[in-house]
There are 4 protein chains.
Amino acid sequence: MAGSVNKVILIGNLGADPEIKRTQDGRPIANLRVATSETWRDKNSGERKERTEWHRVVIFNEGLCRIAEQYLKKGAKVYIEGQLQTRKWTDQSGAEKYTTEVVLQNFNSVLTMLDGRSGGGGGGGYGADDSMGGDFGSSGPSSAPRRAPAPPAGGRHDMDDDIPF
Amino acid sequence: MAGSVNKVILIGNLGADPEIKRTQDGRPIANLRVATSETWRDKNSGERKERTEWHRVVIFNEGLCRIAEQYLKKGAKVYIEGQLQTRKWTDQSGAEKYTTEVVLQNFNSVLTMLDGRSGGGGGGGYGADDSMGGDFGSSGPSSAPRRAPAPPAGGRHDMDDDIPF
Amino acid sequence: MAGSVNKVILIGNLGADPEIKRTQDGRPIANLRVATSETWRDKNSGERKERTEWHRVVIFNEGLCRIAEQYLKKGAKVYIEGQLQTRKWTDQSGAEKYTTEVVLQNFNSVLTMLDGRSGGGGGGGYGADDSMGGDFGSSGPSSAPRRAPAPPAGGRHDMDDDIPF
Amino acid sequence: MAGSVNKVILIGNLGADPEIKRTQDGRPIANLRVATSETWRDKNSGERKERTEWHRVVIFNEGLCRIAEQYLKKGAKVYIEGQLQTRKWTDQSGAEKYTTEVVLQNFNSVLTMLDGRSGGGGGGGYGADDSMGGDFGSSGPSSAPRRAPAPPAGGRHDMDDDIPF
DNA sequence: TTTT
DNA sequence: TTTT
């Protein structure tokens with residue numbers, strides 16, 4: 001159609017370790033179960049309420065699969081950008097089913113770990129808050145070499161790194 | 001869980017006129033079918049490919065329902081911000097089904113018409129490119145002292161309202 | 001203009017404790033300095049590079065100001081949704097200056113703490129990963145009649161509020 | 001810092017035709033002036049108010065520059081995804097200045113035309129509502145085995161390309 | 001079922 | 001300087 005956008009942004013926690021499968025020709029596919037939740041106080045009763053939503057996240061991007069496999073564990077908090085896709089399938093009884101997933105496949109998919117918890121079982125490894133950028137399959141931010149030359153004055157690098165992050 | 005985000009952003013076209021229902025206590029619910037699509041050229045064959053995705057959008061917000069009812073028609077291009085929700089239901093045969101929808105219900109839902117096409121049948125009305133802001137149901141003052149001309153804070157008025165809300 | 005969107009999404013860390021000021025009529029304004037950074041490996045040299053960007057975030061929303069004041073400290077990791085605004089001002093020498101800020105003021109602003117670090121000095125308090133929702137100034141339920149499981153009726157209060165708003 | 005996100009989403013109109021410059025080594029840079037605006041009705045006076053915000057958008061991505069050059073004109077409505085960057089420069093009088101821009105440079109930048117208006121002067125050309133994807137500079141195969149018809153993973157081809165990239 |  |  002064009003002029004079209006299909007984007008999902010989630011910040012949530014993994015309900016289980018990632019499941020990694022492989023296609024016949026060897027490419028990895030990672031499946032994540034991600035929970036988001038909202039809490040509010042009931043207007044009438046004053047009770048604290050909570051609603052948790054579970055999302056099926058499927059990663060076809062090879063670099064992001066590797067990240068998922070190596071660093072994500074049950075309980076990890078993640079930032080995800082993907083797109084909505086609904087697929088049809090048939091269960092054992094022959095009944096038609098539809099499943100909607102958040103798919104990370106395109107150039108503009110992002111998977112970032114927001115904490116460094118090792119999760120349920122595994123030995124963590126990856127440090128807290130280490131960046132995992134997005135789409136490891138391609139170039140990446142591509143340095144900003146042209147920043148210096150043309151634009152007025154010295155680059156656009158407001159680096160104040162006395163701050164110890 | 002908290003520290004959690006569940007956001008869907010769509011720009012797409014309505015596949016049909018909105019369907020408006022009412023709850024027993026009179027509140028409106030609007031259902032939209034929104035198509036997004038992406039096109040690309042096949043790496044190998046060089047063919048032009050297209051993939052269309054259909055989204056179920058459900059609007060519980062009363063103001064946005066009114067907008068949908070009055071101004072949106074089949075074919076209209078819309079900008080939508082909502083959240084993902086999956087609900088379980090049982091069909092006539094007793095089989096359990098799940099349906100995932102993009103829900104516009106919270107304070108941060110947005111529905112904006114991006115063109116003024118009258119669509120399939122109906123007589124348009126609402127002007128091309130008119131904004132329809134988000135969540136017209138409530139507000140809350142407070143202002144932005146340093147901003148010279150600034151919309152009321154807490155207001156949900158990115159709207160063009162000759163519309164009587 | 002209408003049919004228009006102006007949205008900024010940041011996940012970053014506070015470079016300093018929030019600064020809270022008050023307008024003459026007593027409303028709070030919070031200023032945050034938020035750093036985002038990206039790292040990548042240089043194509044040619046193979047070196048690891050990093051670029052940090054500093055953002056000025058201004059909160060006019062009263063509830064979010066309180067959150068900032070009470071729970072955010074230097075070093076805290078936050079999720080922010082706001083809008084871009086550029087304002088003109090004149091410095092002491094009479095020179096015209098422009099400053100671009102990420103403003104949290106409207107209904108669709110969000111401020112969420114993504115960790116529970118107490119930051120540079122202060123004693124934390126707010127627990128890790130607690131959500132702080134958006135726009136605490138307003139509310140208004142509305143339920144989700146079709147949602148099968150009765151519980152998740154529709155609050156618009158992505159907040160965790162043992163916090164007394 | 002890591003675990004960081006810096007994203008701007010705009011839907012607005014071009015205030016002027018794009019300005020295209022070239023670096024010494026021949027790479028194009030496109031500058032856009034994009035207006036977003038919000039309208040609301042004043043709580044007290046009942047007057048209709050409007051606030052327009054002007055954004056400086058800079059495109060370093062070569063494919064997107066070409067799109068801008070060939071298809072965008074004054075008045076065009078666009079969808080933009082980029083990131084915030086502030087750069088420092090010195091004016092003729094030696095005064096230090098800062099300018100904040102929405103930069104389209106990374107893999108996850110998007111520029112999509114939302115209408116087909118030819119704008120102020122020029123002869124249109126590009127059809128209404130054609131998509132123009134994001135970051136045409138690279139790609140990378142891998143596919144989506146379960147998706148019946150699916151765009152190549154890792155590809156950045158939300159594009160309609162009779163355009164020869 | 002939309003759109004190009 | 002756009003758009004409505």
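Protein chains get the first letters and strands the later ones, always in sequence-line order, with residue 1 at the start of each. Model, not experiment: these values are computed from the prediction.
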message: Just the rounded figure in Å: distance from P of E:dT4 to CD of B:Glu53.
response: 19 Å

statement: Among E:dT2, E:dT4, F:dT2, the one nearest any side-chain atom of D:Lys74 is F:dT2

- request: Can you tell me the distance, in whole Å, between the OH atom of D:Tyr79 and the C1' atom of F:dT3?
  value: 19 Å

Distance in angstrom units between D:His55 NE2 and F:dT3 C1', rounded: 13 Å

message: I'd like to know if the side chain of D:Arg41 and the backbone of D:Gly46 have a donor-acceptor N/O pair within less than 3.5 Å.
response: yes

message: I need the CG-P distance between D:Asp17 and F:dT3, as an integer number of Å.
response: 11 Å

For atom CD1 of B:Ile11 and atom C1' of E:dT2, their distance in whole Å: 15 Å

field: Among F:dT2, F:dT1, E:dT2, the one nearest D:Arg33 by side-chain distance
entry: F:dT1

- prompt: Any side-chain donor paired with an acceptor under 3.5 Å for B:Trp54 and A:Thr86?
  reply: no

message: Can you measure B:Glu50 atom CD to E:dT2 atom P for me and round it to whole angstrom units?
response: 12 Å

- prompt: May B:Trp54 be described as stacking on the base of E:dT1, applying a 5.5 Å centroid limit and a 30° limit on plane angle?
  reply: yes

- prompt: For the pair made of CD in D:Glu38 and P in F:dT3, what is the distance, rounded to whole Å?
  reply: 19 Å

query: Under 3.5 Å, is there a donor-acceptor pair between the side chain of B:Lys77 and the main chain of A:Gly3?
result: yes

task: Assess whether one donor atom and one acceptor atom, taken from the side chain of D:Thr52 and the base of F:dT2, lie less than 3.5 Å apart.
output: yes

statement: D:Asn13 atom CG is separated from F:dT3 atom P, nearest whole Å, by 6 Å

A:Ser109 backbone acceptor or donor facing A:Asn106 side chain under 3.5 Å: no

